[in-house]
Amino acid sequence: MSKQKIVVVGNGMVGHKFIDNLVNHSDAERFDILAFAEEPRLAYDRVGLSKYFSGASADDLMLTSEAYYQEKGVQYLLNEKVIGIDSAKKLLSTAKGREVAYDKLILATGSYPFVPPLLGKDQPHCLVYRTIENLEAITASASVSKVGVVVGGGLLGLEAANALKNLGLQTHVVEFAPRLMAVQLDEAGGGLLRRKIEALDVQVHTEKNTKDIVAGEICRYRMNFADGSHLETDMILFSAGIRPQDELARQFDIQIGERGGIVVDNNCLTSVDNIYAIGECALWDGKIFGLVAPGYQMAKVAVSHIVGGSDQFLGADMSTKLKLLGVDVASIGDAHGRTPGCISYVFQDGVKEIYKRLIVSADGKKLLGAVLVGEVEAYGNLLQICLNNMDLPENPEMLIVPVGDGSAPAGMGVDALPDSAIICTCHEVSKGEICCAVQEGANTIGAIKSCTKAGTGCGGCVALTTQVMNSELTKMGVEVNTDICEHFPHTRQELYHLVRVGNIQSFDALIEQHGTGLGCDICKPTAASILASCWNDFILKAPLAPLQDTNDHFMANLQKNGTYSIVPRIAGGEITPDKLIVLGQVAKKYNLYTKITGGQRIDLFGAQQHELPLIWKELVDAGFETGHAYGKSLRTVKSCVGSTWCRYGVLDSVGMAIRLEERYKGLRSPHKLKFGVSGCTRECAEAQSKDVGVIATENGWSLYVCGNGGMKPRHADLFATGLNDEQLVQLIDRFLMFYVRTGDRLQRTSVWLENLEGGLKYLKSVIFDDKLGLAAQLEAEMQGVVDTYQCEWKSTIEDAEKVKRFRTFVNTEASDNTVVFVQERAQIRPATEEEIVRLMDPAALANA
Amino acid sequence: MTETASTTWQTVCNTDDIGNFLGVRALVENQQIAIFRVNEKFYAIDAIDPFTNAAVLARGIVGDIKGQIVVASPIYKQHFNLVTGQCLEDENVSVATYIARVQDGQVQLAI
Ligand code: SRM
Ligand SMILES: Cc1cc2nc3c(=O)[nH]c(=O)nc-3n(C[C@H](O)[C@H](O)[C@H](O)COP(=O)(O)OP(=O)(O)OC[C@H]3O[C@@H](n4cnc5c(N)ncnc54)[C@H](O)[C@@H]3O)c2cc1C
Ligand code: SF4
Ligand code: FES
């Protein structure tokens with residue numbers, strides 16, 4: 001039997017999904033597939049388009065590759081627009097004059113941006129936001145513009161405004177309706193969103209009807225509004241809605257809706273035999289679905305129908321959760337409360353700028369919809385309740401009212417969900433399927449992703465998927481214990497959040513509120529580190545002191561014989577002759593062993609506890625500061641000599657190393673941190689083996705992250721290039737603080753990254769693209785640490801009470817007789833046990 | 001060690017010389033002894049870590065493990081029960097313990 005010829009018009013997100021589903025179907029052999037793409041490349045992630053502005057390349061956005069299509073035997077023609085359909089002969093024709101026969105035709109032509117028909121709209125620098133080529137044009141225009149206007153205050157318009165803002169333009173949003181995101185938000189929610197966005201310096205103009213675009217006086221253009229006002233701008237981005245791309249259907253007698261869109265039935269079939277329409281071009285039950293998940297469902301339904309299956313498209317949920325310009329927004333179901341008789345619960349927090357509204361059925365039993373602005377943690381939970389038509393708890397307001405102790409809002413838990421609940425809307429994975437996968441042995445989120453695909457689309461469901469997995473594991477009797485120790489039923493990350501959110505300042509308060517018992521040598525130093533990262537108090541302050549490991553407590557490194565080593569900071573490895581002399585003199589006076597460390601500084605070994613303040617007094621007087629060699633904190637920023645001296649150097653690596661070391665010294669983190677800065681790509685500072693590596697290039701600094709020497713060396717990953725000094729510091733601020741927030745106890749950045757969900761890509765999206773809207777907060781937190789820096793040793797020697805703590809014995813001035821040194825290569829070293837026996841007891845030697 | 005009529009009490013320091021959940025070292029009859037404070041209670045054990053022979057136990061972190069009050073050696077982190085001296089990780093290892101009391105704001109050890 002000859003194969004059926006399937007032709008797909010449009011290789012966007014949905015067209016590709018259709019192909020991918022079909023080639024992976026067990027009946028794939030029965031079909032030959034040909035795809036036409038009007039764009040110059042195969043399908044890419046349009047949903048993630050904005051990432052392009054924060055460094056993602058067109059390649060990063062690709063959803064597939066030519067190699068994949070070739071491997072699967074899919075034929076494709078790029079840059080080739082289909083312009084004709086002869087449904088009687090089952091023939092297609094393209095703009096390049098090609099004619100092709102089909103057995104089944106799939107229209108996946110998506111939509112196009114709607115540009116209102118106003119005078120002057122076709123001038124240069126009047127652009128739209130839909131394809132990679134559009135983004136290239138926007139970037140080019142922004143580089144010669146100062147002010148930018150987005151026409152349209154909907155979901156896409158606000159995303160476009162964010163892009164303009166990131167491109168450095170003074171940004172305005174002009175909206176026809178009286179509020180932002182009129183489709184998804186109610187009036188109060190839209191109002192709050194507006195205030196939040198204006199606080200970010202994006203000016204919002206509502207109820208503005210643009211009349212025409214003429215030459216400007218200050219800027220390139222002037223937009224005149226119907227109410228007589230005007231606005232000057234250098235560029236204009238239209239984002240006033242989308243229109244289904246139904247041109248082909250219109251011309252070739254396929255039924256379309258009154259306001260456009262190719263009419264389809266529950267099988268995604270159009271009015272003409274053998275022709276399907278899926279994605280944003282399709283009109284089902286009078287509705288266009290402008291989101292990707294419903295499109296994916298249609299792709300699945302069309303495949304099913306072609307292979308003889310019975311899947312049906314029965315509508316889709318349009319709930320959304322987004323971060324717009326850093327503001328969290330979510331809308332579920334009947335967000336406007338249009339259902340007759342419905343009642344609302346509203347929670348508003350004017351200080352924290354949070355607005356939440358629940359729309360509940362007249363009998364108070366079912367959730368019909370919700371609007372969340374400013375805080376959307378409840379989204380997953382509410383969406384499940386709404387979609388599964390679950391009964392509401394007795395006091396539905398508890399679902400949106402914050403609870404006092406800073407823990408998560410009261411939800412109904414994943415256990416309350418029916419097995420049929422769809423957890424991942426992108427891939428339509430139900431709770432039951434996830435549970436099945438767990439029972440069959442998938443016990444990590446990675447395994448769940450690869451066997452069910454849940455969480456591999458927009459990623460929005462990963463948290464819920466993880467909860468379902470953990471709950472199932474627990475039911476199977478598998479212990480999912482990520483507690484840091486017996487005293488706290490929490491991970492380090494959770495403790496960090498509890499401390500931050502609850503403004504907890506002491507271990508006592510932490511264990512009283514969130515733990516049990518007295519604590520131990522695991523949770524105490526962990527808490528000390530978290531408290532330091534958050535509040536940066538002096539580590540020997542009374543309640544903090546007992547939490548510290550001996551190294552932190554004595555601010556020196558404990559050695560095998562109970563003595564300590566001392567490592568003063570020598571930022572970037574640069575030291576004056578005078579300071580070198582002081583180190584020599586102090587070492588000589590206290591009889592200390594000296595060694596150059598692997599971190600470009602000098603270590604003085606063999607000090608007894610009571611000698612530490614005496615030695616540090618001399619060092620501090622000579623201008624030295626603590627080097628934190630004892631802390632889980634910044635150690636060294638290794639540098640090469642750089643452009644100042646080296647004939648190959650392109651930038652001042654020593655200067656940058658010192659700047660970085662001065663900035664981050666004292667930052668307490670989950671584990672120690674090491675940096676390197678090299679002056680050119682010869683990389684003499686070995687920056688690519690450091691947590692943070694910086695390498696000078698002709699175009700500026702390159703930043704590498706998450707390298708490691710030590711036990712399991714890891715080459716650092718290139719994170720960003722072409723940075724100036726300020727950009728470099730800004731990215732490092734965010735990177736370090738994000739690690740401090742989320743790293744596990746004693747987890748170096750290398751291991752952290754390898755365990756980070758989504759890996760480098762995710763890290764970039766958070767740090768670089770600010771996907772979580774955290775950047776400003778992370779930078780502010782880091783600035784807080786920088787501003788509160790103090791040299792712990794300086795503070796200690798200035799305080800007689802603190803110095804007392806260093807006494808070797810509380811009841812005598814004697815020194816420790818178990819500490820015994822012998823001479824080797826003209827310096828001291830700890831005596832071996834055998835040597836101690838001999839030295840302490842000459843008789844033993846005589847008898848030997 | 002139990003308290004008998006013939007017990008002599010040796011004063012080592014003031015109670016406020018020892019911060020809560022901290023330890024100090026005292027030299028008593030040429031013995032290095034580690035004394036800890038847990039709220040209003042004081043505990044005393046040998047200061048020398050039997051695993052390394054370094055006099056470091058007074059510098060360990062104090063806490064509880066499964067209900068026993070312990071100190072963790074700062075060198076290799078074994079735990080010692082402050083009441084019995086027993087090492088939690090190795091049943092064959094323990095350290096000597098001493099009785100401590102408070103008299104007129106002073107910490108005294110029974111020697
Ligand atoms: C002193 C020094 C060795 C030397 O004489 O050169 C040293 C000494 C110690 N290192 Fe190191 N490391 C020293 C440079 C390094 C380097 C080289 C570097 O930084 O460029 C590395 C590999 C680079 C890296 O960390 O990625 C290094 C990788 C380690 C590791 C393994 C870390 C890992 O992630 O695998 C440990 C163990 C740990 O931290 O858990 C460690 C732990 C230690 C400890 C803290 C072990 C201990 O608990 O006693 C040593 C105590 C230091 C002390 O008493 O002062 N040290 N250590 C170096 C101090 C540098 C400084 O100026 O602060
Ligand atoms: C900036 C942006 C952000 C978005 N964010 C989200 C989001 O957060 N969540 C969400 O769910 N959705 C989001 N969307 C919407 C989402 O991208 C669309 O729902 C999805 O891309 C629709 O897929 P599609 O395949 O139907 O259309 P498209 O992806 O537009 O693909 C259609 C393709 O067909 C081609 N084509 C058209 N006509 C022809 C022809 N005659 N011959 C050959 N080829 C043709 C087009 O060039 C195009 O490549 C966003 C969209 C944009 C632009
Ligand atoms: S890395 Fe480059 S600039 Fe630095 S010392 Fe080596 S060769 Fe010179
Ligand atoms: S909902 Fe998008 S990946 Fe699961």
Side-chain angles (χ1 to χ4, degrees), chain A residues 485-487 507-508 511 515-525 528 540-554 556-564 608-610 801-802 804-820 830-833 836-837, chain B residues 10-39 41 46-49 51-79 82 88 106-109:
Chain A
C485 67
E486 67 176 67
H487 301 101
F507 181 78
D508 286 352
I511 202 159
T516 51
L518 302 175
C520 66
D521 54 308
I522 305 286
C523 58
K524 285 186 173 182
L540 294 190
K541 225 172 88 171
L544 296 177
L547 309 179
Q548 315 291 349
D549 253 322
T550 181
N551 280 6
D552 273 305
H553 194 164
F554 290 95
N557 292 57
L558 181 69
Q559 304 298 317
K560 60 200 272 186
N561 64 346
T563 63
Y564 290 90
Q608 287 208 23
Q609 196 174 323
H610 62 272
E801 269 306 302
K802 300 262 147 50
K804 258 172 78 181
R805 219 179 257 158
F806 289 84
R807 290 178 298 189
T808 287
F809 295 113
V810 71
N811 61 343
T812 152
E813 298 292 308
S815 56
D816 183 347
N817 62 356
T818 63
V819 174
V820 185
T832 62
E833 271 184 45
I836 294 179
V837 174
Chain B
Q10 185 128 1
T11 297
V12 284
C13 60
N14 293 326
T15 49
D16 51 15
D17 284 330
I18 314 182
N20 198 13
F21 286 104
L22 286 173
V24 297
R25 228 184 324 169
L27 194 61
V28 182
E29 291 177 4
N30 226 12
Q31 286 271 30
Q32 294 201 26
I33 296 174
I35 307 157
F36 303 92
R37 173 181 190 154
V38 176
N39 298 323
K41 281 204 140 103
D46 257 348
I48 296 181
D49 171 15
F51 292 96
T52 58
N53 292 326
V56 295
L57 292 188
R59 291 174 260 169
I61 290 180
V62 177
D64 65 345
I65 300 283
K66 304 210 164 60
Q68 308 181 48
I69 306 233
V70 296
V71 64
S73 165
I75 297 204
Y76 297 124
K77 316 283 154 122
Q78 294 90 350
H79 299 92
L82 290 187
L88 269 53
Q106 293 189 316
V107 182
Q108 299 184 327
L109 297 183

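The structure presented is a predicted model; accordingly, all values stated were derived computationally and were not measured. Chain A is the first sequence line, chain B the second, and so forth, proteins listed ahead of strands; every chain is numbered from 1.
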request  = Keeping the roles fixed (side chain from B:Asp64, backbone from A:Leu518), state whether a donor-acceptor pair exists under 3.5 Å.
outcome  = yes

message = Can you tell me how far apart SG (A:Cys520) and NZ (B:Lys66) are? Round to the nearest 0.5 Å.
response = 10.0 Å

query = So, for B:Ala55 and A:Asp816, which heavy atoms are closest and what is the spacing to 0.1 Å?
reply = CB-OD2, 3.7 Å

inquiry  = Heavy-atom pairs under 4.5 Å with chain B: which of A:Cys523, A:Pro830, A:Gly562 has the most?
reply    = A:Gly562

task = Search all heavy atoms of A:Pro525 against all heavy atoms of B:Ile61 and return the closest pair with its distance.
result = CG-CD1, 3.5 Å

request  = Could you tell me which non-hydrogen atom of A:Lys560 sits nearest to which non-hydrogen atom of B:Ile75, and how far apart they are?
outcome  = O-CD1, 3.6 Å

ask   = Of the backbone (N, CA, C, O) and the side chain (C-beta and beyond), which part of B:Ile69 lies under 4.5 Å from a heavy atom of chain A, both, or neither?
value = side chain

Side chain proximity check, B:Asn53 to A:Thr818, heavy atoms < 4.5 angstrom = no

query = Quick one: what part of B:Ile18 sits under 4.5 Å from any heavy atom of chain A, side chain, backbone, both or neither?
reply = neither

request  = Check B:Phe21 against A:Pro546 and note the closest heavy-atom contact, atom names and distance.
outcome  = O-CB, 3.4 Å

inquiry  = For A:Glu801, which atoms come within 4.5 Å of any heavy atom of chain B: side chain, backbone, both, or neither?
reply    = neither

request  = Could you check which of A:Arg807, A:His553, A:Gln609 has the highest count of heavy-atom pairs closer than 4.5 Å to chain B?
outcome  = A:Gln609

Nearest heavy atoms of A:Asn811 and B:Val12, plus distance in Å = CB-O, 3.4 Å

note = For A:Glu486 and B:Gly67, the nearest pair of non-hydrogen atoms, with its separation, is OE2-N, 4.4 Å

message = Less than 4.5 Å to any heavy atom of chain A: does that hold for the side chain of B:Val38, its backbone, both, or neither?
response = side chain

ask   = CG of B:Asn20 to CG of A:Asp508: how many Å apart, nearest 0.5 Å?
value = 8.0 Å

remark   = Given A:Thr812, A:Asp549, A:Thr808, the one with more heavy-atom pairs under 4.5 angstrom with chain B than any other is A:Thr808

request  = Check whether more than 12 heavy atoms from other residues, nucleotides or ligands sit under 6.0 Å from atom CD of A:Glu833, and answer yes or no.
outcome  = no

task = Step by step, work out the side-chain contact (heavy atoms from CB on, under 4.5 Å) result for A:Asp521 and B:Val70.
result = CA-CA 10 Å; A:Asp521 54 308; B:Val70 296; over 6 Å; no

ask   = How long is the gap from CZ on A:Arg805 to CG on B:Asp17, to the nearest 0.5 Å?
value = 11.5 Å

Side chain, backbone, both or neither of A:Lys524 within contact of chain B (heavy atoms, under 4.5 Å) = side chain

